[in-house]
Participant: 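A single structure is presented below for examination.
Bear in mind the structure is a predicted one, so any value in this text is a computation, not a measurement. Quick note: residue numbers are just sequence positions, from 1.
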Amino acid sequence: MGDMKIVERPQSQTIGPLDQITIRASIKVSSTETGHIFGTIVYTDASTLEKGYINLNDIHMDIMDYIRPAT
């Protein structure tokens with residue numbers, strides 16, 4: 001399987017109950033077998049200090065969308 005690394009770590013955010021926020025992060029993927037990238041969001045609950053995990057739906061990338069002829 002390929003390796004996935006965060007290029008720029010997003011700033012930590014504190015949100016209240018029923019609040020929402022959008023955070024963007026750039027990732028670098030070294031390789032992928034089938035064009036699918038899987039990911040998980042890991043966060044810490046400030047009141048209990050327990051880690052929470054959110055499994056993301058897989059992201060499908062078609063490499064042909066990003067290949068351009070040399071000029």
Side-chain angles (χ1 to χ4, degrees):
M1 281 274 187
D3 187 27
M4 181 171 65
K5 295 186 175 151
I6 294 179
V7 176
E8 281 184 34
R9 183 169 295 279
Q11 180 179 349
S12 294
Q13 301 288 333
T14 302
I15 59 174
L18 303 177
D19 285 349
Q20 62 182 6
I21 190 168
T22 300
I23 299 173
R24 297 181 188 269
S26 298
I27 60 171
K28 178 181 178 183
V29 178
S30 61
S31 69
T32 175
E33 292 282 324
T34 61
H36 286 82
I37 301 170
F38 299 90
T40 304
I41 296 174
V42 180
Y43 64 93
T44 303
D45 185 325
S47 62
T48 63
L49 297 178
E50 290 184 12
K51 283 191 175 182
Y53 301 91
I54 300 173
N55 290 320
L56 303 175
N57 290 334
D58 57 319
I59 302 168
H60 180 72
M61 303 288 293
D62 186 354
I63 192 67
M64 296 308 289
D65 291 340
Y66 299 94
I67 295 178
R68 304 276 188 257
T71 55

Participant: Quick one: are K51 and V42 in side-chain contact, heavy atoms under 4.5 Å?
Facilitator: yes

Participant: Provide the closest heavy-atom pair for Y53 versus Y43 in the form atom of the first, atom of the second, distance.
Facilitator: N-CE2, 3.9 Å

Participant: Side chains of Q13 and I23: does their closest heavy-atom pair fall under 4.5 Å?
Facilitator: yes

